[in-house]
Asks: 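To start, I am sharing the structure in question, which I have written as structure tokens.
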Amino acid sequence: MLDLKQIRENPQEIQAQLQKRSDQYDLTALLDLDQQQRELTTKRGQLQARSNEIGKLIGQKIKGGTNPASPEIQELKTEGNDLKQQLADLEPQEKGLKFEIEELILNLPNLPSDSTPLGESEDENVEISRWGEDYLLKNPETCRPHWEIGEKLGIIESTRAVKISQSRFVNLIGMGAALERALINFMLDQQIAAGYLEVMPPVLVNSETLKGTGQLPKFAEESFQCAEDDLWLTPTAEVPLTNLYRNDILEANQLPIYHCAYTPCFRREAGSYGKDTKGLIRLHQFNKVEMVKLVRPETSEEEHEKMLANATAILEELLLPYRVIELCTGDLGFSAKKCYDVEVWLPSAGQYREISSCSNCGDFQARRANIRFKEPGKKGTQYVHTLNGSGLAVGRTMAAILENYQQPDGTVTVPKVLQPYLKREVIG
RNA sequence: GGAGAGGUGGCUGAGUGGUCGAAAGCGGCAGAUUGCUAAUCUGUUGUACGGUGAACUCCGUACCGAGGGUUCGAAUCCCUCCCUCUCCGCCA
């Protein structure tokens, strides 16, 4: 959530920053409502002050021995009643305005960082670096897509998954399931070693929680909902991990907080019909190891770079070629001010595909989720900065392994670092 | 799911409808003092919004689980909801 005070004080600047994302955001309605609301609040505050005063006065007089039925008291009661009536008129107006303002501001995305490249769409994302070209397949023309490899090996199965669920679900079988588990364990072990405290959080979360990280209200159609219980299936562990500290005032010395978690993630993928219908790339349910940081504002940029390194380290250990791109303003996620995507090489597609997204959300989520910290000596509180990144998407990592490690005979070599986990060197 | 109890400030825990933002204790902070890694004493102690201000301050409003209601006035009375705990049932 953006800072309303800041919007009020620098409307044209904020407008210009939002403009970098797209031209669909207009602050004029918000500013107008804010002005009205503030006037009302001031007026109501004055009336309320007088009303409180009368209440106290009556109390004092009665305690002092004045007859409650005396004209003096009656007169005050009349004034009190009159004020009450006026307040009763103002209050709904004020509430209505506050509600409208809230709705507008909750639908405004974060302001892009100054360093975020300008651009309208993903076409203008900027490649930052590449790694692992030595590990590219030597014979790309004969390589097969991971779903074919998986099906042939009997480790990825989709027909029966569709029967028991829907399209965009799969069964992992035998070594497929084992490889998935091995990857989860490997990734967690790596991130724990990098300083993240593991959490195994609930994956059903309430509406407040989704609002805190920015998935609600704007992206309700992206998540699966259990409406009867006000619970949603988490689209990413970023949601429960960040919300661990919702409404908290942390001590400055608790920061930075690093968490990692393995969770299944659930996404409706509304609007992606026909895209990536095969294989492990775009499923309604997938596994992910996530990293989340809560940090002091002045350190968030540096923490962001470190988090990116934690994500890419996994790919380097697995010897999978990747590149890092920085999202341009037009492609930036709702809550992020700056975002790196890590893309792994998928030889069958002949392209890099997203396998991690590392975002610096600044204080945007902290405002929504009301996560603050307090400096011991100082007065008042500050919002923390929140960051999140995949470390990594497990299914897509499996896809990359199957494709990049495939052998001409149809088997798949197990990456060295996974061999201790999987207790074998070849799948097939 | 059934029955009961309860939700108050960082924590423990008082609070008869009227100077209650809330006693007391603990903790925290500041100071004083004492021949000594600690004790004692004194003072202080939340958050948010708005106004004023360079700032400390000051003023107003709101917050005693949430939302309504009664009243001139609600932590206190009434209603609804949420949550926690205990017992029973069920269950991995």
Side-chain angles (χ1 to χ4, degrees), chain A residues 1-9 30-102 104-106 200 202-212 226-232 240 243-255 257 264 363 366-384:
Chain A
M1 172 160 73
L2 299 180
D3 183 1
L4 186 54
K5 197 193 262 179
Q6 210 185 334
I7 295 177
R8 186 186 302 144
E9 284 166 5
L30 178 62
L31 287 164
D32 183 46
L33 290 173
D34 175 53
Q35 170 106 24
Q36 290 181 43
Q37 192 263 119
R38 275 153 41 93
E39 280 167 14
L40 259 184
T41 303
T42 306
K43 195 165 159 196
R44 194 189 50 77
Q46 285 164 356
L47 292 177
Q48 192 59 254
R50 176 58 187 160
S51 174
N52 290 347
E53 199 180 348
I54 289 172
K56 276 183 188 166
L57 216 57
I58 292 177
Q60 275 171 15
K61 284 190 190 289
I62 292 176
K63 227 179 188 177
T66 310
N67 180 356
S70 70
E72 196 186 352
I73 302 281
Q74 289 310 313
E75 205 173 303
L76 283 170
K77 283 194 180 184
T78 307
E79 190 185 348
N81 269 324
D82 184 47
L83 285 168
K84 193 159 69 164
Q85 187 54 51
Q86 293 185 50
L87 286 168
D89 289 342
L90 293 183
E91 264 173 39
Q93 288 181 46
E94 196 188 351
K95 271 192 185 162
L97 284 169
K98 279 193 169 156
F99 181 81
E100 283 182 69
I101 289 168
E102 166 111 342
L104 287 178
I105 202 164
L106 282 177
M200 203 173 273
V203 297
L204 288 176
V205 300
N206 61 37
S207 296
E208 263 318 294
T209 296
L210 276 176
K211 192 170 130 192
C226 312
E228 282 185 19
D229 300 294
D230 183 36
L231 289 171
W232 304 70
N243 277 280
L244 283 173
Y245 301 96
R246 176 150 49 87
N247 290 334
D248 277 4
I249 299 176
L250 301 162
E251 292 292 332
N253 64 17
Q254 289 179 261
L255 300 176
I257 293 172
D363 62 7
R367 269 179 207 289
R368 289 183 161 237
N370 194 26
I371 307 173
R372 293 166 291 169
F373 73 98
K374 191 172 169 51
E375 206 78 61
K378 286 189 191 163
K379 249 191 128 121
T381 57
Q382 294 181 66
Y383 288 106
V384 301

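Each chain gets a letter, A, B and so on, in the order its sequence line appears, and its residues count up from 1. This structure is a prediction, so every number in the text was calculated from the model and none was measured.
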Asks: Counting only N and O atoms by type, is there a donor-acceptor contact under 3.5 Å from the side chain of A:Asp248 to the main-chain atoms of A:Leu250?
Replies: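 Looks like no, no N/O pair under 3.5 Å.
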
Asks: Does the pair A:Lys56/A:Glu53 count as a salt bridge with the N-to-O cut at 4.0 Å?
Replies: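 No, A:Lys56 and A:Glu53 are not salt-bridged.
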
Asks: Just the atom pairs and distances: protein N or O near nucleotides 61-71 of chain B's N or O, under 3.5 Å.
Replies:
unit_1 : atom_1 : unit_2  : atom_2 : d
B:U61  : OP1    : A:Asn52 : ND2    : 3.0
B:A62  : OP2    : A:Asn52 : ND2    : 3.4
B:G68  : OP1    : A:Lys95 : NZ     : 2.1

Asks: Determine the Euclidean distance between corresponding P atoms of B:G27 and B:C63; express it in Å to zero decimal places.
Replies: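 To the nearest whole Å, 32 Å.
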
Asks: With P as the reference atom in both, quote the distance from B:C72 to B:G1 in angstrom, rounded to an integer.
Replies: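 B:C72 and B:G1 have their P atoms separated by 41 Å.
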
Asks: Give one of base, sugar-phosphate or nothing for A:Leu76, where a contact means two heavy atoms less than 4.0 Å apart.
Replies: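 Nothing: the residue A:Leu76, judged by heavy atoms under 4.0 Å, touches no strand.
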
Asks: Going by salt bridge (charged side-chain N to carboxylate O under 4.0 Å, His left out), name the pairs with one or both residues in residues 76-86 of chain A, residues two or more places apart or in two chains.
Replies: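 Those involving residues 76-86 of chain A are A:Arg50-A:Glu79.
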
Asks: For A:Ile54 and B:U19, what is the distance between atoms CD1 and C1' respectively, to the nearest whole Å?
Replies: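 Atom-to-atom, A:Ile54 to B:U19, this comes out as 16 Å.
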
Asks: Between B:A24 and B:U34, how far apart are the two P atoms, rounded to whole Å?
Replies: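 Those two atoms are separated by 29 Å.
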
Asks: Taking only residues two or more places apart in sequence or in another chain, which ones pass salt bridge (Lys or Arg N to Asp or Glu O under 4.0 Å) with A:Glu251?
Replies: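 With sequence neighbours excluded, A:Glu251 shows a salt bridge (Lys or Arg N to Asp or Glu O under 4.0 Å) to no residue whatsoever.
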
Asks: Could you list the residues that satisfy salt bridge (Lys or Arg N to Asp or Glu O under 4.0 Å) with A:Lys43, not counting sequence neighbours?
Replies: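 A:Lys43 satisfies salt bridge (Lys or Arg N to Asp or Glu O under 4.0 Å) with no other residue.
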
Asks: The criterion is side-chain hydrogen bond (donor to acceptor under 3.5 Å, both in side chains); which residues satisfy it with A:Gln46, sequence neighbours excluded?
Replies: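 Partners of A:Gln46 under the side-chain hydrogen bond (donor to acceptor under 3.5 Å, both in side chains) test: none.
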
Asks: Rounded to the Å, how far apart are A:Gln60 CD and B:G18 P?
Replies: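 Result: 13 Å.
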
Asks: Measure CG/A:Asp230 against C1'/B:C81 and give the value in whole Å, please.
Replies: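 Value for this atom pair: 13 Å.
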
Asks: What integer number of Å spans the P atoms of B:C41 and B:G50?
Replies: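 Taking atom P in both B:C41 and B:G50, they lie 43 Å apart.
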
Asks: Identify the stems formed by RNA chain B, where each pair is Watson-Crick or G-U wobble with both distances under 3.5 angstrom and a stem is at least 3 consecutive pairs.
Replies: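 As far as RNA chain B goes, consecutive pairing (with distances under 3.5 Å) yields the stems B:1-7 with B:82-88, B:10-12 with B:24-26, B:27-32 with B:40-45, B:46-51 with B:58-63, B:65-69 with B:77-81.
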
Asks: According to salt bridge (Lys or Arg N to Asp or Glu O under 4.0 Å), who are the partners of A:Glu72, at least two apart in sequence or on a separate chain?
Replies: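 Listed in chain order: A:Lys61.
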
Asks: Are there any protein N/O atoms within less than 3.5 Å of an N/O atom in nucleotides 46-51 of chain B, and if so, which ones and at what distance?
Replies:
unit_1 : atom_1 : unit_2   : atom_2 : d
B:U47  : OP1    : A:Lys374 : NZ     : 3.3
B:U47  : O3'    : A:Arg372 : NH1    : 3.0
B:U47  : O2'    : A:Arg372 : NH1    : 3.2
B:A48  : OP1    : A:Arg372 : NH1    : 3.4
B:A48  : OP1    : A:Thr381 : OG1    : 2.6
B:G50  : OP1    : A:Arg8   : NH1    : 2.9

Asks: For residues 87-101 of chain A, which side-chain donor-acceptor pairs fall under 3.5 Å, sequence neighbours excluded?
Replies:
unit_1  : atom_1 : unit_2  : atom_2 : d
A:Gln93 : NE2    : A:Asp89 : O      : 3.4
A:Glu94 : OE1    : A:Arg44 : NE     : 2.3
A:Glu94 : OE2    : A:Thr41 : OG1    : 2.8

Asks: Applying ring-ring contact (aromatic ring centres under 6.0 Å, His included), name anything that partners A:Tyr245, two or more places apart in sequence or on another chain.
Replies: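 Listed in chain order: A:His259.
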
Asks: At under 4.0 Å between heavy atoms, what does A:Ile62 touch on the DNA or RNA strands: base, sugar-phosphate, or nothing?
Replies: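 Base contact.
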
Asks: State which residues pass side-chain hydrogen bond (donor to acceptor under 3.5 Å, both in side chains) with A:Gln74; sequence neighbours excluded, sorted by chain then number.
Replies: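 Scan of A:Gln74 (side-chain hydrogen bond (donor to acceptor under 3.5 Å, both in side chains), adjacent residues dropped) gives none.
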
Asks: Going by the rule side-chain hydrogen bond (donor to acceptor under 3.5 Å, both in side chains), which residues pair with A:Ser207 if we only count those two or more places apart in sequence or in a different chain?
Replies: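 Here the qualifying residues are A:Asp230, A:Trp232.
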
Asks: How far does the C1' atom of B:G21 sit from the matching atom of B:A48, given to the nearest Å?
Replies: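 It works out to 14 Å between them.
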
Asks: For the P atoms, the ones on B:G13 and on B:A54, what distance do you get once it is rounded to whole angstrom?
Replies: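 Each nucleotide's P atom is 47 Å from the other's.
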
Asks: With rounding to the closest Å, how many angstrom separate the P atoms on B:G31 and B:U84?
Replies: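 Straight-line distance between the two P atoms is 44 Å.
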
Asks: Going by atom types only, do A:Asp32 and A:Gln36 share a side-chain donor-acceptor pair under 3.5 Å?
Replies: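 On atom types as modelled, these side chains qualify, holding a pair under 3.5 Å.
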
Asks: For nucleotides B:U76 and B:G18, find the distance between their P atoms and express it as a whole number of Å.
Replies: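 Rounded to whole Å, the distance is 12 Å.
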
